[in-house]
> 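Sending over a structure as structure tokens; questions will come in a sec.
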Amino acid sequence: TQSTRPQRLLGAVQKNATRGDPRSVVKAIDEFCRHKEWAMNVGDEKGCILDSVVSELNPATVLELGTYCGYSTVRIASLLPPHAKLITLEFNPDYAKIACQVIAWAGLEDKIQLVEGSSAEWIPKMKEHFGVKMLDLVFMDHWKDDYLPDTKLLEDCGLLRKGSVLLADNVICPGSPDYLKYVRRSPRYKSQYFRSHLEYTKAEDGLEKSVFLG
Ligand SMILES: CNc1ncnc2c1ncn2[C@@H]1O[C@H](/C=C/CNC(=O)c2cc(-c3ccc(F)cc3)cc(O)c2O)[C@H](F)[C@H]1O
Ligand SMILES: [Mg+2]
């Protein structure tokens with residue numbers, strides 16, 4: 001039977017990356033996507049912006065919406081302090097299976113909790129099920145139409161505190177116009193656009209960083 005693109009991406013990691021070395025996993029995926037097959041990872045250019053936001057924030061609790069193959073999961077977790085936790089939600093079982101193996105290859109299982117399920121189902125369970133008090137950082141990279149409803153759900157579930165950061169991928173391409181309008185207009189957020197390019201291409205894209213003001 002034919003392999004899928006995520007399976008071929010995992011193969012590239014297992015062939016070219018060193019077990020237990022997250023940066024080599026990130027590099028192997030970027031090489032694969034730049035030279036073999038494009039895939040919707042945040043990529044290296046936007047990835048450097050992601051790295052700087054994570055490093056500056058030094059978050060204890062991170063939520064990622066949309067794991068896909070685990071590229072940004074590994075990228076974020078490799079920068080977290082010792083006892084920090086990253087919970088990542090992925091509702092496609094095939095993607096979750098690939099991401100789980102990419103995370104294991106990077107040796108980051110102890111920092112990452114991969115949950116197979118939807119944001120709508122699991123955001124309301126964050127506190128009771130994972131013992132999460134507040135989220136320091138949320139990285140949004142799932143369906144673009146769900147950025148806004150899930151942001152409102154995070155607010156309603158009391159998971160954001162003064163200083164919590166929402167970092168959203170693809171606010172230009174494919175775009176999330178309703179989300180962008182909301183965080184840029186709302187007095188409850190201080191929003192900032194980091195201009196970049198769509199992963200592995202010359203098209204414009206960017207990340208929107210929005211600090212919750214409480
Ligand atoms: C809705 N709640 C969800 N809960 C859990 N997992 C979810 C949920 N929703 C989706 N997932 C899961 O999150 C992932 C979804 C990623 C979507 N990403 C993109 O579409 C996306 C698209 C492009 C793109 C740009 C130009 C072009 F020509 C073609 C594509 C670039 C990007 O960087 C992207 O991130 C996964 F697939 C889905 O199962
Ligand atoms: Mg994306």
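Quick note: residue numbers are just sequence positions, from 1. Worth saying up front: this structure is predicted, and the values here are computed from it rather than measured. Counting starts at 1 for both ligands and their atoms, following the listed order.
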> If you count only heavy atoms, which residues are under 4.0 Å from ligand 1?
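For ligand 1, the contacting residues are W38, M40, G66, L89, E90, F91, N92, Y95, G117, S118, S119, D141, H142, W143, K144, D146, D169, N170, C173, P174, L198, E199.
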> Parallel, tilted or perpendicular: which fits the ring planes of H142 and Y147, with parallel below 30° and perpendicular above 60°?
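The arrangement is parallel - the two ring planes meet at less than 30°.
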> For the Mg ion (ligand 2), which N, O or S atom of D169 is at the shortest distance?
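Answer by atom name: OD2.
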> Do you reckon L166 sits in the same ILVMFWY cluster as I87, going by side-chain contacts under 4.5 Å, direct or chained?
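Hydrophobic grouping puts L166 with I87.
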> Salt bridge check: are D51 and R23 linked by an N-O gap of less than 4.0 Å?
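Salt bridge flag = yes for R23 with D51.
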> Taking 4.0 angstrom as the limit, do R184 and E208 come out as a salt bridge?
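Here R184 pairs with E208 in a salt bridge, since their nearest N and O are under 4.0 Å apart.
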> Considering residues, nucleotides and ligands other than K36, do more than 12 of their heavy atoms fall under 6.0 Å from its NZ?
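Not more than 12 within 6.0 Å, no.
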> Verify the neighbour count for atom CG of D145: are there more than 12 heavy atoms of other residues, nucleotides or ligands below 6.0 Å?
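Incorrect, the count does not exceed 12.
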> Of all the atoms in D141, is at least one N, O or S atom closer to the Mg ion (ligand 2) than 2.8 Å?
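Checking D141: at least one N, O or S atom is under 2.8 Å.
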> Check E155 with R188, please: is the shortest side-chain N to carboxylate O separation under 4.0 Å?
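So R188 pairs with E155 through a salt bridge.
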> Hey, is the Mg ion (ligand 2) within less than 2.8 Å of some N/O/S atom on M40?
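No.
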